[in-house]
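Just so we're clear, the structure is a prediction, and the values are computed from it rather than from any experiment. Heavy atoms only: backbone and side chains are in, while hydrogens, waters and symmetry mates are out.
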Amino acid sequence: MYMNSNKMEQDGKTYLAGQPMAVKNGVSYVAIRALVDRVGYGVKYDNKTKETIIISGEDELRFKTNSKDYTVNGETRTMKGPAYQQKSTFMVPLTSITQALNITYKVNQSAKTVVLNLNTKPVASFTISQKEIFAGDQVDYVTSSSSPNGMDIVDERWTGRQDSFDQAGTYTISYQVQDSNGQWSDPYSVTIEVLSPNLPPVAMFATDKEQYKMGEKITYTDQSTDDENNIVKAVWENNSLAFFEPGPKTVTLTVTDNHGATNTYSKVITITNETLYSFTDFNLLFTPVGQKFTFNGGEVTTMEKVPYTYMDEPSLLIRSNSPETVNTEGIVYKESSSGQTRFMIHHVNNTGKRVKMYVIATNNNPNPAVFEQQNMGFAGPTPYATVAGKLSIDKWFKSIQTGADQKKEYLQPGESKLILTELNKTPMKEGQVISLYSDAYSDYSLDYNVILVEENKDPFEALPLLPVLDRDGVHNRGTYPNATRIIKYDEHVGIKPARLPLGDNSSDPNLVGTDPMAYTDASNAGNFGVLYKITLTNVAPRTLISFNPRGGKYSGVALVNNQLVSIAEGNVAVANSSEQSVLYRTGSTGESVTILFSAAPGSNLPVNLLFTPLPSEK
């Protein structure tokens, strides 16, 4: 465009505007009709509002004569100068259009020209739905196209496109579209890697023998292979460690690769009429640590109790577990504590809303205070109480081992802060459970409030308005001193069958404390939240140490000689008093064994640790 001239050039062709480009008070004006004709925009006049309208795709610009204000998609903007009429030609500041429609331009004062860079080509792109493309597979193309001028897309063309590729290799695919003005977009290209067709894995296993006696241990060796070495799942059927009935036994292994392809292999082994070990002796000897086996649970009550004594270490337990099922927003626990403190928090959301739980610490002392989180075991939210309980204990023990979750918070006088923030990271849906264990220390007494509120509420603003919730009458809450129980037994264990009861309120009395919100005494039924540190300094050679629930289903963990042991592995619980889960076996010489244990929320107490002499190996 030429200054003070109606001459316009576009792509080498000359055009004439209705009026010259004019400069008034330092503002360059252009004839709106001539400009939009060259660019390809639409223009119309609104008789009701007396506005001249430019339309570019989804964008709409509205101008009024003798006004500096104009609108861009309904938003009012101000021009450098007012629009005006010049001999029936509507003139507007050039920058009002270039800024609104993102048109770049350059001014050449020596040549007295303004050069606009107009991109009027349509734009094409595409994606391929599959993350991986294998030779022979159908390829899904998803296209996208648009026109800066709002023109219709009337045609398309591809280079290199195939609905499926017969051979593996690298391919480049290009896509273009054409608008109703006849302009083609620049090619949009994607290079893809077509992989060789996925081969299913090959399931295979071997046994150390083809024929076994009843009660003879069978060793299975998984020999499955995959061309990408990516088997993600292996499912066994009938792969018992031993069989106790004669005859042929079919064992099956099914493996799955990362593409979902599967393969199955079965093998028949023979069990003879001879017996090597009885069912009981075999399980005592060979059931792996962390796994369970069945036995005559009635025998446990005839075993001698280990006559242990104990001492309790100072650690104030704050057990927030009632109401376990929370029906409304409120304060589920409030207490003050200084020094060593343990938090056990276990609740279910039954409010019908998405909620969060928080622990707020307040320093009401005249001095600054420090809160030290020493470890953390948090699980949830989940619909399954036993899963949350087991996982919280598992993480707590791992945190004790590693010290990885240590944190400090400094609270000024009168200041409140959120602590144990793992608790409030994720909202709880209806019916979900959270479970938390954590040891902490504060140098001054801090006031703690455990609250449940809707997920979007500010906990600090909500706290003063929240009611203190009542206990549910079934579950336990309370503040209990001396919550770390030290058991050390120096006499022989394992020479004959024996048991060590925990959580029975007899050999292992309940902690006695208070419910600070109900102003009553409290008894910690089951001693949930108590950390047991059990040291058996003289366990006989060849002794099985196992875990036997006496109050119902149990799912948890223990630290045995600083090794984490599941009770029982995976999502399997020790279901009843006729099952026991293996914790440890001593070797050919006597040993000292240390066990750290704490009852998992969602499980049942009491429990027994069993000490059983192992039968001779054959």
request  = Taking all non-hydrogen atoms of both residues into account, name the closest pair between E335 and Y333 and its distance.
outcome  = CB-CE2, 3.6 Å

query = Taking the six-membered ring for Trp, are F134 and H259 ring centroids under 6.0 Å apart?
reply = yes

ask   = Is the F547 ring parallel, tilted or perpendicular to the Y554 ring (thresholds 30°, 60°)?
value = tilted

request  = Kindly give the heavy-atom pair with the smallest separation between D226 and P200, and that separation in Å.
outcome  = OD1-C, 4.3 Å

request  = Tell me, with the steps shown, if N327 and N350 meet side-chain hydrogen bond (donor to acceptor under 3.5 Å, both in side chains).
outcome  = CA-CA 5 Å; N327 299 314; N350 190 44; 2.7 Å; yes

query = Looking only at heavy atoms, what is the nearest atom pair of Y277 and G215, with distance?
reply = CD1-O, 3.2 Å

request  = Determine yes or no for a side-chain-to-main-chain donor-acceptor pair under 3.5 angstrom, with S442 supplying the side chain and Y444 the backbone.
outcome  = yes

ask   = Counting only N and O atoms by type, is there a donor-acceptor contact under 3.5 Å from the side chain of E569 to the main-chain atoms of S566?
value = no

task = Decide side chain to side chain contact (heavy atoms under 4.5 Å, CB included) for I231 and D222; before the verdict, give the C-alpha distance in whole Å, the side-chain angles of both, and the deciding distance to 0.1 Å.
result = CA-CA 12 Å; I231 293 175; D222 188 344; over 6 Å; no

request  = State the OG1-NZ distance between T386 and K390, to the nearest 0.5 angstrom.
outcome  = 9.0 Å

inquiry  = Looking at A369, is its backbone amide N or carbonyl O close enough to the side chain of D443 to form a donor-acceptor pair, meaning the two atoms are under 3.5 Å apart?
reply    = no

request  = Applying side chain to side chain contact (heavy atoms under 4.5 Å, CB included), run through H347 and L452 and close with a yes or a no.
outcome  = CA-CA 10 Å; H347 292 283; L452 181 142; 5.6 Å; no

task = State the CG-CD distance between L253 and E237, to the nearest 0.5 angstrom.
result = 9.5 Å

request  = Tell me, yes or no, whether the heavy-atom count around N296 atom CG, taken from other residues, nucleotides or ligands under 6.0 Å, exceeds 12.
outcome  = yes

key: Identified salt bridge (charged side-chain N to carboxylate O under 4.0 Å, His left out) partner of E422 from the options K356, K395, K407   = K407

key: Within 6.0 angstrom of Y384 OH, more than 12 heavy atoms from elsewhere   = no

query = Roughly how far, to the nearest 0.5 Å, is the OH atom of Y448 from the CD1 atom of I360?
reply = 13.0 Å

query = Going through the checks in order, is the side-chain hydrogen bond (donor to acceptor under 3.5 Å, both in side chains) test met by N476 and S322?
reply = CA-CA 6 Å; N476 191 286; S322 185; over 6 Å; no

key: Closest non-hydrogen atom pair between N321 and H346, with its separation   = ND2-O, 2.9 Å

query = What orientation do F282 and F244 show, parallel under 30°, tilted 30 to 60°, or perpendicular over 60°?
reply = perpendicular

inquiry  = Could you check whether atom NZ of K334 has more than 12 heavy atoms from other residues, nucleotides or ligands sitting under 6.0 Å from it?
reply    = no

note = Interatomic distance, OG@S320 vs CG@L469, rounded to 0.5 Å, equals 9.5 Å

ask   = So, are D515 and R477 salt-bridged, with charged N and O less than 4.0 Å apart?
value = yes

query = Which distance, rounded to the nearest 0.5 Å, do you find between the CG of L531 and the CZ of F597?
reply = 10.5 Å

query = Is it the case that more than 12 heavy atoms not belonging to K488 sit under 6.0 Å from its NZ atom?
reply = no

Ring centroid separation F243 to Y212 under 6.0 Å = no

query = Which pair of non-hydrogen atoms, one from D508 and one from G503, has the smallest distance, and what is that distance?
reply = OD2-N, 2.7 Å

Heavy-atom donor-acceptor pair, N608 side chain to L610 backbone, under 3.5 Å = no

key: Evaluation steps, side chain to side chain contact (heavy atoms under 4.5 Å, CB included), between F293 and V582   = CA-CA 8 Å; F293 62 90; V582 176; 3.9 Å; yes

message = Within a 6.0 Å radius of atom CD on Q211, are there more than 12 heavy atoms belonging to other residues, nucleotides or ligands?
response = yes

query = Does any donor atom in the side chain of T207 or K267 lie under 3.5 Å from an acceptor atom in the other side chain?
reply = yes

inquiry  = Let's go through T262 and K233 carefully: what are the C-alpha distance in whole Å and the side-chain angles of both, what is the deciding distance for side-chain hydrogen bond (donor to acceptor under 3.5 Å, both in side chains) to 0.1 Å, and is it a yes or a no?
reply    = CA-CA 9 Å; T262 64; K233 186 178 180 182; over 6 Å; no

key: L564 versus F397, closest heavy-atom pair with distance   = CD1-CB, 3.7 Å

key: Within residues 244-260 or reaching into it, pairs that qualify as salt bridge (Lys or Arg N to Asp or Glu O under 4.0 Å) - sequence neighbours excluded   = none

message = Assess the residue pair S224 and Y265 against the criterion (side-chain hydrogen bond (donor to acceptor under 3.5 Å, both in side chains)); give the C-alpha distance rounded to whole Å, side-chain angles, the decisive distance to 0.1 Å, and a yes or no.
response = CA-CA 9 Å; S224 303; Y265 173 75; over 6 Å; no

ask   = Distance from R319 atom CZ to R342 atom CZ, nearest 0.5 Å?
value = 13.0 Å

key: Residues R550 and D504 bridged, charged N to O under 4.0 Å   = no

inquiry  = Can a donor-acceptor pair be found, under 3.5 Å and without considering hydrogens, that links the side chain of T256 to the backbone of A261?
reply    = no

